[in-house]
There are 2 protein chains.
Amino acid sequence: MEQSITDLCKEFGLRLTGPRRIIMQVLFDSSDHPDVVELHRRVTAIEPTISLATVYRTVNLLREKGVLERHTFGDGRARYETTPREHHDHLINVETGSVIEFQSEEIERLQEEIARKHGFAIVSHKLEIYVRPLKRGRGRT
Amino acid sequence: MEQSITDLCKEFGLRLTGPRRIIMQVLFDSSDHPDVVELHRRVTAIEPTISLATVYRTVNLLREKGVLERHTFGDGRARYETTPREHHDHLINVETGSVIEFQSEEIERLQEEIARKHGFAIVSHKLEIYVRPLKRGRGRT
DNA sequence: TCTCAGATGCGTCGCATTCGCAAAAAAGGT
DNA sequence: ACCTTTTTTGCGAATGCGACGCATCTGAGA
C-alpha cells in the first residue's frame with residue numbers, strides 16, 4: 001500500500017509529500033464514501049496540521065488523474081471513493097444515508113442503446129436509487 | 001391555468017399572493033429546466049420587484065408539495081421542472097448543456113428488481129446520462 | 001548540500017442558497 | 001369596508017462548500 005502510493009505519485013509526476021501520503025493513505029483505507037470534511041477529520045486524526053485546503057486540492061488532483069470518483073448523492077457536498085475496477089451504481093438508504101453499491105449489465109446496455117438512438121455517445125452516467133427498507137414499519141412521506 | 005394556480009394554492013393552504021402567482025405562472029410556462037437565477041430573470045421581466053429570495057422560497061415550497069422536481073446535472077446549481085405525469089430521466093449533452101428527456105420502462109423495471117433484491121423499496125431515483133454527439137462521416141452535424 | 005518547481009497553510013473570496021427581521025399583504029370574521 | 005391574525009415578502013446579512021492568492025516550506029534530482 002505504501003508502495004502503491006509511491007508508485008502512483010511517480011506515475012503522475014506528483015511529489016510524495018507528508019500530507020499527500022497521509023491523505024492518500026486515508027483514501028485507500030476508506031471503503032465508504034466520505035466527504036471532504038470527513039476525510040479531513042480522518043487525516044487530522046493522524047496529522048493535525050494538515051489543512052482542509054490541502055485535502056480539497058488532493059482529492060481534485062486524484063480525481064483528475066482518475067484515481068478517485070466523485071459523487072453528490074443529493075446532499076450538496078461531494079463524496080469520494082477510489083475508482084473501482086468495475087463500474088457500479090448506488091443505492092442510497094434515505095433513512096440512514098448509507099450507500100450500497102450494485103452493478104447491472106442490463107441497465108448499462110439499455111443506457112448505451114438509448115444514447116445511441118438519440119445520436120449520442122455516453123461520456124459518463126450516474127444512477128442513484130434512493131430507497132428505504134422494505135420492513136413493515138413503513139414511514140410516512 | 002390561472003385557475004389551476006388558484007386551486008393549487010387552495011389545496012396546499014398557501015396564500016395566493018402577487019409574487020407567488022407570477023412565479024408559478026413562469027414555472028408552468030417553462031418547458032425547459034431553468035435554474036433559480038434564470039427563473040428570477042423571467043419573473044422580474046414581468047414584475048421587477050420580486051426578489052430572488054422569494055423565488056427560492058417558492059420553488060422550495062412547491063418542491064415539498066410535489067409540484068416541482070429539482071435536478072442538479074453536475075453544474076452545482078439546482079434546476080427545476082414541473083413534476084411530469086410520467087416519470088422520465090435525462091440525457092445531458094456535455095458540449096452544450098442542453099437536456100433531453102427520455103423514458104425507459106425497462107430500466108425502471110430493472111431498478112425495482114435491484115432494490116427489491118437488496119430488501120428496499122424505491123423512494124425515488126435519478127438517472128443522468130452525460131453524452132456527446134456521435135460523429136458521423138457525412139449527413140447532418 | 002543546493003536549488004527551485006511543486007506543495008502547503010492560512011486567510012479570503014465567490015457562488016448558490018438560506019435566514020432573521022420588520023414591513024406589507026392576504027384570508028376571515030364582523 | 002375594517003380590523004385581526006397569520007403568512008409572505010424584500011432586504012441584507014449569514015452559511016456552507018469549494019476554490020484561490022500568496023508567502024513559506026520542502027521533496028528530490030543535480
Side-chain angles (χ1 to χ4, degrees), chain A residues 2 5-27 33-41 43-44 46-65 67-80 97, chain B residues 2 5-27 33-41 43-44 46-65 67-80 97:
Chain A
E2 268 306 309
I5 289 176
T6 307
D7 292 347
L8 273 178
C9 284
K10 204 158 291 179
E11 177 181 349
F12 296 125
L14 301 174
R15 288 190 182 166
L16 183 49
T17 67
R20 201 167 275 168
R21 178 189 289 107
I22 292 172
I23 294 168
M24 290 173 80
Q25 187 74 55
V26 167
L27 281 166
H33 302 71
D35 62 37
V36 174
V37 171
E38 173 59 25
L39 283 172
H40 186 237
R41 250 192 296 275
V43 161
T44 50
I46 300 172
E47 172 50 66
T49 66
I50 295 174
S51 80
L52 185 58
T54 298
V55 179
Y56 272 109
R57 281 187 281 235
T58 304
V59 293
N60 282 337
L61 221 46
L62 295 177
R63 187 167 61 90
E64 282 168 27
K65 304 300 187 186
V67 178
L68 295 183
E69 273 184 13
R70 172 165 68 176
H71 304 289
T72 316
F73 305 152
D75 53 0
R77 71 222 127 105
R79 300 169 65 171
Y80 294 86
Chain B
E2 268 307 311
I5 289 177
T6 306
D7 292 347
L8 273 178
C9 285
K10 204 159 290 179
E11 178 181 348
F12 296 125
L14 301 176
R15 289 187 182 173
L16 183 50
T17 67
R20 199 114 83 191
R21 178 187 289 109
I22 292 172
I23 294 168
M24 291 174 80
Q25 187 73 55
V26 166
L27 281 166
H33 302 71
D35 62 38
V36 175
V37 171
E38 173 59 25
L39 283 173
H40 186 236
R41 250 193 295 276
V43 161
T44 51
I46 300 173
E47 173 51 66
T49 66
I50 296 173
S51 79
L52 185 57
T54 298
V55 178
Y56 271 107
R57 281 186 283 234
T58 304
V59 292
N60 282 339
L61 220 47
L62 295 177
R63 188 167 61 90
E64 283 167 26
K65 303 301 187 184
V67 178
L68 295 183
E69 273 183 12
R70 173 164 66 177
H71 304 289
T72 316
F73 304 151
D75 53 1
R77 68 226 131 103
R79 299 170 66 174
Y80 295 86

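Every chain is numbered from 1 and lettered A, B, ... according to where its sequence line falls, protein lines coming before strand lines. Bear in mind that the values here come from a model prediction, so they are computed numbers and not experimental data.
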Examine distances only and state if a side-chain atom of A/Arg79 and a backbone atom of A/His33 form a donor-acceptor pair shorter than 3.5 Å.
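A pair under 3.5 Å: yes.
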Look only at the side chain of A/Arg20 and the backbone of A/Arg15, and say whether a donor-acceptor pair between them is shorter than 3.5 Å.
yes
For B/Lys65, enumerate each residue passing the side chain to side chain contact (heavy atoms under 4.5 Å, CB included) test, keeping only those at least two apart in sequence or located in another chain.
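Side chain to side chain contact (heavy atoms under 4.5 Å, CB included) list for B/Lys65, sorted by chain: B/Phe12, B/Val67.
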Results of side chain to side chain contact (heavy atoms under 4.5 Å, CB included) for B/Cys9 - residues two or more places apart only:
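Partners of B/Cys9 by the side chain to side chain contact (heavy atoms under 4.5 Å, CB included) criterion, ordered by chain and then number, come out as B/Leu14, B/Leu16, B/Met24.
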Name every residue in residues 52-60 of chain B that has at least one heavy atom under 4.0 Å from any atom of DNA chain D, in order of residue number, or write none if there are no such residues.
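B/Ala53, B/Thr54, B/Arg57, in order of number.
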Nearest whole angstrom, please: distance from the [atom2] of [N] to the [atom1] of [X].
X       : N      : atom1 : atom2 : value
A/Ile50 : D/dT26 : CD1   : P     : 13 Å
A/Met24 : C/dA7  : CE    : P     : 12 Å
A/Phe12 : C/dG6  : CZ    : P     : 17 Å
B/Leu14 : D/dT6  : CG    : C1'   : 13 Å
A/His71 : D/dC17 : NE2   : C1'   : 18 Å
A/Glu47 : C/dA7  : CD    : C1'   : 15 Å
B/Arg63 : C/dA16 : CZ    : C1'   : 14 Å
A/Arg21 : C/dA7  : CZ    : P     : 14 Å

Pair up each side-chain donor or acceptor in residues 49-58 of chain A with any protein partner under 3.5 Å, not counting sequence neighbours, and list the distances.
unit_1  : atom_1 : unit_2  : atom_2 : d
A/Thr49 : OG1    : A/Glu47 : OE2    : 2.8
A/Ser51 : OG     : A/Ala53 : N      : 3.4
A/Ser51 : OG     : A/Thr54 : N      : 3.3
A/Ser51 : OG     : A/Thr54 : OG1    : 3.2
A/Thr58 : OG1    : A/Thr54 : O      : 2.7

What's the spacing between A/Glu69 CD and A/Arg63 CZ if we round to 0.5 Å?
10.5 Å
Within the 4.5 Å heavy-atom criterion, are A/Arg77 and A/Val36 side-chain neighbours or not?
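Of all side-chain heavy-atom pairs linking A/Val36 with A/Arg77, none is under 4.5 Å.
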Restricting to salt bridge (Lys or Arg N to Asp or Glu O under 4.0 Å), what partner residues turn up for A/Arg41, sequence neighbours left out?
A/Glu38
Distances under 3.5 Å only, N/O to N/O: pair up the protein atoms with those of nucleotides 24-26 of chain C.
unit_1 : atom_1 : unit_2  : atom_2 : d
C/dA26 : N3     : B/Arg15 : NH1    : 2.8

When you match A/Leu61 and B/Ala78 each to their closest nucleotide on DNA chain C, which lands nearer the 5' end?
A/Leu61
Scanning both residues in full, the closest heavy-atom pair of A/Leu39 with A/Pro34 reads CD2-CG, 3.6 Å
